[in-house]
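See below for the structure under consideration.
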Amino acid sequence: MTLPDEMFISLRAARSFMTDMLDPAVYPKLPKQVRMAARARLKHFPTEYDIKQLEEMYNNSNKDKAVLIVTGK
């Protein structure tokens with residue numbers, strides 16, 4: 001089971017990884033198509049501000065801190 005803290009850490013790590021993919025100095029041999037795909041995903045990916053807001057909302061909720069149920073399609 002994934003804990004909320006682990007989920008927020010994972011979101012930050014995914015954003016950082018995709019941002020690094022845009023930098024040729026970090027990944028010099030990455031194909032242009034992969035860089036373009038990372039840029040497209042980052043366009044709508046939660047920012048650090050968004051992630052902090054989600055954390056705050058979660059921490060201020062009355063939910064059990066050990067369980068977070070996310071629904072979606």
Side-chain angles (χ1 to χ4, degrees):
M1 176 171 77
T2 300
L3 298 175
D5 288 347
E6 294 169 325
M7 184 176 55
F8 294 123
I9 289 167
S10 181
L11 280 170
R12 286 186 175 96
R15 174 171 260 297
S16 177
F17 176 61
M18 287 188 287
T19 302
D20 285 348
M21 290 171 68
L22 301 179
D23 186 353
V26 178
Y27 292 106
K29 296 182 180 182
L30 202 62
K32 184 178 179 180
Q33 287 179 319
V34 176
R35 287 188 207 286
M36 290 172 51
R39 176 168 289 145
R41 299 321 179 269
L42 277 169
K43 184 176 180 180
H44 300 290
F45 201 84
T47 63
E48 178 59 27
Y49 175 82
D50 297 326
I51 296 169
K52 283 181 182 179
Q53 292 295 317
L54 288 169
E55 276 183 307
E56 193 173 311
M57 286 171 32
Y58 179 81
N59 291 330
N60 290 333
S61 72
N62 293 325
K63 294 182 181 179
D64 178 3
K65 299 277 189 241
V67 179
L68 178 63
I69 300 172
V70 178
T71 60
K73 296 181 181 181

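Model, not experiment: these values are computed from the prediction.
- A distance of 10.0 Å separates CE of Met7 from CD1 of Ile51, quoted to the nearest 0.5 Å.
- Applying the side chain to side chain donor-acceptor pair (under 3.5 Å) test to residues at least two apart or on different chains, the pairs with a partner in residues 3-13 are Arg12-Glu48, Arg12-Glu55.
- With sequence neighbours left out, Leu22 forms a side chain to side chain contact (heavy atoms under 4.5 Å, CB included) with Ala38, Arg39, Leu42.
- For the pair Arg41 (side chain) and Ala37 (backbone), a donor-acceptor distance under 3.5 Å is present.
- Under the 4.5 Å side-chain contact rule for hydrophobic residues, Val26 and Leu30 share a cluster.
- We find the CE-CG distance between Met21 and Asp23 to be 12.0 Å, quoted to the nearest 0.5 Å.
- Side-chain contact between Arg35 and Pro24 is present, with heavy atoms from C-beta onward closer than 4.5 Å.
- In the hydrophobic clustering of this structure, Ile9 does not group with Leu11; members are Ile, Leu, Val, Met, Phe, Trp, Tyr whose side-chain heavy atoms approach within less than 4.5 Å, directly or through other members.
- With hydrogens and angles ignored, the 3.5 Å screen pairs no side-chain donor or acceptor of Asp20 with any backbone N or O of Phe17.
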